[in-house]
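Below: the structure, in structure tokens.
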Amino acid sequence: MVKVLKTTPKISVKIWKPIIKKLDAKLKSSCLRRDAYLTKLLEVELDYLEAEVPIPNSQESYDYVFETFEGFDHKPVSLALPQGLTSRLSEICSRKRIVRDAFFNRVFLLLSVDPKFVDTLFFAGVDGDWRKHVWHEYKSESQFFQSGFYPLEQVVDPFWAIRAAFDLYAQDEVFEDHLESSSGKAVRVKRDFAGAPVVADSLYATVFTQKVRGNDLIALSCYLPDWAIPGHDAKKKRTGMIDEIMGELGGLS
């Protein structure tokens, strides 16, 4: 009788070299096996990815993220992950037009960077220290607090604290239900100055505007509205409306 060995299937992803180098070093120092850790992480994060990108990207958005990331100095990385997880990720990415490599690079970046860089990515415009705000609100929930602030020391919900901060700041904003045409589901949005629907700030919907080593971190976008694409008609229209509003305000002085 021939014994068949069961092995975890592997997928290949392109990872920005500085990220994978730093992440592997952190995982090694924490005595964590990368693929085993990623398996546990994806069991949590795919639910969040589904929820935090409620409106699919346009094809133009997908193409721009893909082409921008191709300009990065990346390397192929083989990941041994359960088929069920990779199939679900592929389905979400296909339905919402998310560049899969952008998703992995975004997650790897957030696991590997220093805390101050997280502040810059998500909370540069926040008045005060977001960590203190979260601590004040959730200090009785110690296990979640530790998990969120020290993602590589816990397996479940590693970005909890960041999401808790988004929830806190969202309490001061006005949201409404918006019918998303492709799914037929109502999603929570706010309205910008032009009345267009804008998804709530989140780990996956926030657009990174920073550049690192000459690389535009917009390439790590899981959600990118058309008005954020350079040269797109939606961006030109938005810029024109902003100029018009600023011109009107200038006339009041």
Side-chain angles (χ1 to χ4, degrees), residues 7-16 19-20 23 26-27 32-58 61-62 65-66 69 74 76-113 118 121-122 143-144 147-167 170 180 182-189 199-208 217 219-225:
T7 59
T8 303
K10 293 185 178 182
I11 64 170
S12 180
V13 296
K14 297 175 182 176
I15 304 298
W16 190 19
I19 293 179
I20 192 62
L23 177 61
K26 276 201 168 186
L27 288 168
L32 293 172
R33 292 168 52 233
R34 185 189 64 200
D35 293 358
Y37 179 80
L38 287 177
T39 294
K40 290 298 183 182
L41 181 142
L42 288 177
E43 290 172 354
V44 173
E45 287 302 308
L46 293 189
D47 287 338
Y48 285 121
L49 182 64
E50 177 75 56
E52 293 177 3
V53 185
I55 300 176
N57 293 295
S58 68
S61 172
Y62 178 95
V65 171
F66 180 86
F69 181 72
H74 51 65
V77 175
S78 181
L79 303 175
L81 301 171
Q83 180 67 51
L85 287 177
T86 57
S87 295
R88 187 184 177 204
L89 174 59
S90 294
E91 190 279 327
I92 293 173
C93 288
S94 176
R95 176 162 40 87
K96 296 179 180 283
R97 298 190 189 92
I98 298 170
V99 178
R100 192 184 68 170
D101 288 340
F103 165 76
F104 276 110
N105 278 270
R106 191 179 188 92
V107 169
F108 285 14
L109 175 74
L110 296 177
L111 288 173
S112 62
V113 297
V118 173
L121 291 173
F122 292 114
Q143 63 177 15
F144 297 115
S147 174
F149 282 175
Y150 306 98
L152 291 181
E153 295 182 11
Q154 296 290 329
V155 173
V156 178
D157 213 354
F159 307 121
W160 178 87
I162 296 174
R163 291 187 168 104
F166 279 128
D167 288 342
E180 201 284 296
S182 66
S183 66
K185 297 180 180 179
V187 299
R188 191 179 70 152
V189 301
V199 302
D201 294 329
S202 67
L203 195 89
Y204 293 118
T206 298
V207 177
F208 295 159
L217 294 188
L220 276 56
S221 296
C222 291
Y223 175 71
L224 186 68

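Computed from a prediction, not measured in an experiment: that's the story for all the values here. Values below: every heavy atom of this structure, side chains too, minus hydrogens, waters and symmetry copies.
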Are the side chain of [X] and the backbone N or O of [Y] linked by a donor-acceptor pair below 3.5 Å?
X      : Y      : result
Asp201 : Thr206 : no
Thr86  : Gln83  : yes
Ser112 : Leu109 : yes
Asn57  : Cys222 : yes
Ser202 : Ala205 : yes
Glu180 : Val187 : no
Asp101 : Val13  : no

Atom [atom1] in [X], atom [atom2] in [Y]: separation rounded to 0.5 Å?
X      : Y     : atom1 : atom2 : answer
Ile98  : Ser90 : CD1   : OG    : 11.5 Å
Leu85  : Lys40 : CG    : NZ    : 10.0 Å
Ile55  : Lys96 : CD1   : NZ    : 9.0 Å
Ser61  : Arg97 : OG    : CZ    : 9.5 Å
Leu111 : Ile19 : CG    : CD1   : 10.0 Å
Leu23  : Leu38 : CG    : CG    : 7.0 Å

I'd like to check the ring pair (Phe, Tyr, Trp, His ring centres under 6.0 Å) partners of Phe208; sequence neighbours left out, ordered by chain and number.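 Partners of Phe208 under the ring pair (Phe, Tyr, Trp, His ring centres under 6.0 Å) test: Phe122.
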Set of side-chain hydrogen bond (donor to acceptor under 3.5 Å, both in side chains) partners for Asp35, sequence neighbours left out: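 Listed in chain order: nothing, the list is empty.
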Ring geometry between Phe108 and Phe104 (parallel below 30°, tilted from 30 to 60°, perpendicular above 60°):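 Because their plane-to-plane angle is over 60°, the rings of Phe104 and Phe108 count as perpendicular.
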The single option from Leu81, Asp47, Leu79 passing side-chain contact (heavy atoms from CB on, under 4.5 Å) against Leu42: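 Among the candidates, only Leu81 passes.
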Side-chain heavy atoms of [X] within contact of [Y], under 4.5 Å:
X      : Y      : value
Tyr62  : Cys93  : no
Leu89  : Phe103 : yes
Ser12  : Pro76  : yes
Leu217 : Leu121 : yes

For Tyr204, is the NZ or CZ atom of Arg106 found under 6.0 angstrom from the centre of its six-membered ring and inside 45 degrees of the ring axis?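 Because its charged atom misses either the 6.0 Å distance or the 45° angle limit, Arg106 does not stack over Tyr204.
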Start with the C-alpha distance between Phe159 and Leu110, add both sets of side-chain angles, then the distance that settles side-chain contact (heavy atoms from CB on, under 4.5 Å), and finish with yes or no. CA-CA 9 Å; Phe159 307 121; Leu110 296 177; 3.8 Å; yes
How close do Lys26 and Val113 get, counting heavy atoms only, and between which atoms?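 Heavy atoms only, the tightest pair is NZ-O, 3.7 Å.
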Looking only at heavy atoms, which two atoms of Val65 and Ala219 are closest? And how far apart?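 For Val65 and Ala219, the tightest heavy-atom pair comes out as CG1-O, 3.4 Å.
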Please walk me through it: do Arg34 and Ile20 pass side-chain contact (heavy atoms from CB on, under 4.5 Å)? CA-CA 11 Å; Arg34 185 189 64 200; Ile20 192 62; 4.0 Å; yes
Could you check whether atom CZ of Arg95 has more than 12 heavy atoms from other residues, nucleotides or ligands sitting under 6.0 Å from it?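 Enclosed: over 12 neighbouring heavy atoms sit under 6.0 Å from CZ of Arg95.
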Is the shortest side-chain N to carboxylate O distance from Arg88 to Glu45 below 4.0 Å?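 Salt bridge between Arg88 and Glu45, a charged N being under 4.0 Å from a carboxylate O: no.
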Test Ile92 against Glu50 for side-chain contact (heavy atoms from CB on, under 4.5 Å), laying out the working first. CA-CA 7 Å; Ile92 293 173; Glu50 177 75 56; 3.6 Å; yes
